[in-house]
Amino acid sequence: MAFGTPYLLTGLLLIGIPIAVHLFSLQRSKKINFAYVFLLKEAQKEAKAKSKLKHILLLIARILFITFLVLAFSDPFIPSEQIIETNNQNKVSIYLDNSFSMEQEEHKVNLLEKAKLFAKAIVKSFPQNTQFQVVTNERNVKSRVYNNKEEAIEKIEATQFSSAETPFQWVYRDQIRGINNSSSGNTFLFWLSDYQKSTYSQLDKFSFNPRISTFFVPLGQEIEKSNISIDSVWLETPYLWVQKVNELRLQIINHGKQQIENSLVKLIVEDRQVSTKKLTIEGNTKKTIKLNFSLSSPGIKKCRIEIEDNGLNFDNKFYFTLESAPQIDIAHIYQKRQPYIPGVFADKELFNLSSTSYKAVDFQELLDADLIILENLEKTTQDFQRELLSQLKKGKSIVVFPSDKIDKNLLNQLKINHQKINTDKSFVQLSPPSLGNIFFKDIFEKDPQKAEMPSANIIIETEGYPIIKLKNGKIFLSKTQRGSGLVYLFSSPLDPEFTDLPMHALFLPLMYKMAFQSKNKEERLYYYLNEPVGKTRIDKGSGKSSIYTFSSSEHAIVPAQQQVENELLFTINNQSFHAGHYDVWADSLKPEEKKMAFNYSKRESQINTFSSAELERIAKQNHIQILKSADLESFTSEVKLGFMPRQLWQYFILLALIMVIVEILVTLLWKTRKG
């Protein structure tokens, strides 16, 4: 037992008062007239015994009354298990995990709300002069400041879910920085979290400071967790048709152990539901499903997938954009033309093909084209070569089918590394395309390794990035990045004497892929908010000095950005952006000119957490204590037992009152018996 005001114990000297009164009363004698002496002697013996017992009881009661009263005013208490400085200023740092995984519910209350209740119980358990730091995943400047009790509780109550993904090492570092500035008192660290393994992946290997009292407060360890999320979305074909059936694929993951049955999946385009499907998926598995839909009008469409799920809510919607197949302008420049290029691009709904002899070429055709195809050019002028380079800088794509009398100066100007002209006229079969090559994404439904491939007799060897190779290892089709543009070089002329590729089924998807990439080069359907950088094509006519704004229905953002030719590079800050659609516009453009979609990272969708046994093992290794209670009442009791001294003054007041009652009863009892 200890005392808050020990100097008041000097009041125990007052015990001398009842002792002095007792001694004084023993010195007084009383004269009694009595006739019979032998009866008098017996009466004296009995009176002395009774009087002595009465005085002793009264003395004890009065001494104990004063003793208990003095002890009560001396603020007696039993010290807590943790040593808390009452004179010096203690520092307490509380990490409140407000990530999306804390949306899991326990007894119809989400874990974040439960964590907030527990955090407030911790704050109330410390002395009034304690300083508190409330750290969340945002890691802003305000979270590093220490506050008093009232301010800390306000911060806790104001905490909301956040998309910020903060490794636990960073949280610990922020807490240690603040504690190191402490000059006096003890320090305590508390972590209130579900201890999700995707966030705490290195927890079992991390070293904690043994000089700082650290406490784990695990939440939701006993919940039967369940969650499904949309992992990715892609198109069956690289282009969409208006007023025709299109196919969208999406991969869904069941992160829980239990099978999910008849969950409804919806595809919504421009706030209109266009397709639905019932989903049944086994526990801990991935499943790919297809949704058929059609677009009623051309243009970029804001789309989203919605899925029914009783687990986490933040990942039940997946945002993306779709754009109907735009008409692609193609400039076909030739000196000796084969009929294959006009045949491939004959669909006038998709392509606007201008096929012109080199002798009659108009540079305006190059300016207007998205894709430039050069076929059998033997000799070109420097002006033509410079114009091609200019178009490459603007992000155009060029496809080169060489002549057997190839213009080496043209390849040199395009900066294509080539070695020599091949004089061997033997045909070699092409190797099947590799599905690992991103160029062939969405082209093949089945692995083409067993397909019959065309053959070719190459006349030039290149060192560009290989898209297709021959079986002898030489490159047949290469891709070279030049500025913002691309150069595709075939190693043989587009002529039956050199290759049978134009008659093969592979030729059309190859040419379509290059055409569609030239129009919508590397435009993605969506971005994740944990990605550092995004990019998008800038519309023609936008000035380089323009500042682009990303505007949603809730707010507008001007991210850090840079314009490189026809591309806008911008930083993605997951504390500024929210999941949803954004219109991208400059001062000179309307908001509907460009639309982009952003989604929260899927790391929080992974509901696997450290078990109680795993946390106990980690805590034991690092001398960490675990506070785990099922409800607020038991947790509060546990915290009070560990951190709050047990006050005893009320018990001593009660004992003092009992002594008063004892004195009264003794006095009344003796008077009654005397009477």
Side-chain angles (χ1 to χ4, degrees), residues 332-338 340-341 344 371-380 385 388 392 397-441 443-444 446-482 485-515 517-518:
H332 176 213
I333 312 298
Y334 62 89
Q335 282 185 325
K336 179 183 177 183
R337 186 178 70 171
Q338 298 290 338
Y340 308 116
I341 298 300
V344 168
L371 177 67
I372 301 171
I373 300 176
L374 307 179
E375 182 182 358
N376 292 324
L377 297 187
E378 297 180 356
K379 190 171 182 61
T380 57
Q385 295 168 8
L388 290 178
L392 283 174
S397 294
I398 298 177
V399 179
V400 179
F401 289 99
S403 166
D404 55 351
K405 300 177 181 178
I406 184 68
D407 186 353
K408 294 183 181 180
N409 290 329
L410 175 61
L411 297 181
N412 290 332
Q413 286 297 320
L414 296 178
K415 297 182 180 179
I416 298 177
N417 295 325
H418 57 283
Q419 295 180 350
K420 63 180 181 179
I421 300 295
N422 191 358
T423 57
D424 185 2
K425 295 186 178 181
S426 60
F427 277 70
V428 180
Q429 194 175 34
L430 275 63
S431 295
S434 171
L435 294 182
N437 191 326
I438 193 172
F439 183 87
F440 293 102
K441 183 181 179 181
I443 289 183
F444 300 104
K446 299 180 180 179
D447 193 339
Q449 295 301 313
K450 296 182 180 180
E452 185 68 24
M453 297 297 293
S455 301
N457 171 28
I458 64 172
I459 64 170
I460 189 172
E461 295 183 12
T462 180
E463 298 177 357
Y465 174 79
I467 296 176
I468 301 179
K469 288 185 176 182
L470 299 174
K471 287 191 172 181
N472 60 10
K474 295 181 179 179
I475 299 174
F476 176 73
L477 172 60
S478 66
K479 178 177 72 172
T480 305
Q481 184 83 34
R482 287 293 171 257
L486 293 173
V487 178
Y488 298 94
L489 175 63
F490 286 85
S491 295
S492 66
L494 194 61
D495 190 312
E497 293 183 9
F498 292 90
T499 181
D500 58 352
L501 174 65
M503 283 72 74
H504 194 273
L506 180 63
F507 184 59
L508 188 140
L510 275 179
M511 300 306 298
Y512 269 35
K513 186 75 173 183
M514 290 184 282
Q517 283 191 343
S518 68

| task | Would you sort out whether N457 and S492 count as a side-chain contact (heavy atoms from CB on, under 4.5 Å), showing the intermediate values? | result | CA-CA 6 Å; N457 171 28; S492 66; 5.9 Å; no
By side chain to side chain contact (heavy atoms under 4.5 Å, CB included), S455 pairs with (sequence neighbours left out) F427, Q429, D500
Exactly one of Q517, K479, K513 clears side chain to side chain donor-acceptor pair (under 3.5 Å) with Y488, and that residue is Q517
Looking only at heavy atoms, the pair that brings K471 and P432 closest together is CE-CD, 4.5 Å
- Message: Would you say that I398 contacts L392 through its side chain, given a criterion of any heavy-atom pair below 4.5 Å between the two side chains?
- Response: yes
Rounded to the nearest 0.5 angstrom, the CD1-CG distance for I333 and L388 is 8.5 Å
d(T499 OG1, I459 CD1) to nearest 0.5 Å is 11.5 Å
Whether F401 and F490 hold their rings parallel, tilted or perpendicular, with breakpoints at 30° and 60°: parallel
Could you tell me whether the side chain of Q338 reaches within less than 4.5 Å of the side chain of P493, counting heavy atoms only?
no
Rounded to the nearest 0.5 angstrom, the CD1-CG distance for I475 and L470 is 9.5 Å
message = I'd like to know if the side chain of E378 and the backbone of Q335 have a donor-acceptor N/O pair within less than 3.5 Å.
response = no
Output for pair (S491 OG, I468 CD1), nearest 0.5 Å, gives 10.5 Å
Distance col, row L506:CG vs E452:CD, nearest 0.5 angstrom, shows 12.5 Å
| query | Is there a side-chain contact between L430 and H504 (heavy atoms, below 4.5 Å)? | reply | no
Indicate yes or no: at least one non-hydrogen side-chain atom of P454 is less than 4.5 angstrom from one of M503. no
| Validation row: F507, L494 side chains within 4.5 angstrom (heavy atoms) | yes
Between L377 and S403 the two heavy atoms that sit nearest each other are O-CB, 4.1 Å
Separation between CD1 (I373) and CE (M514), nearest 0.5 Å, reads 7.5 Å
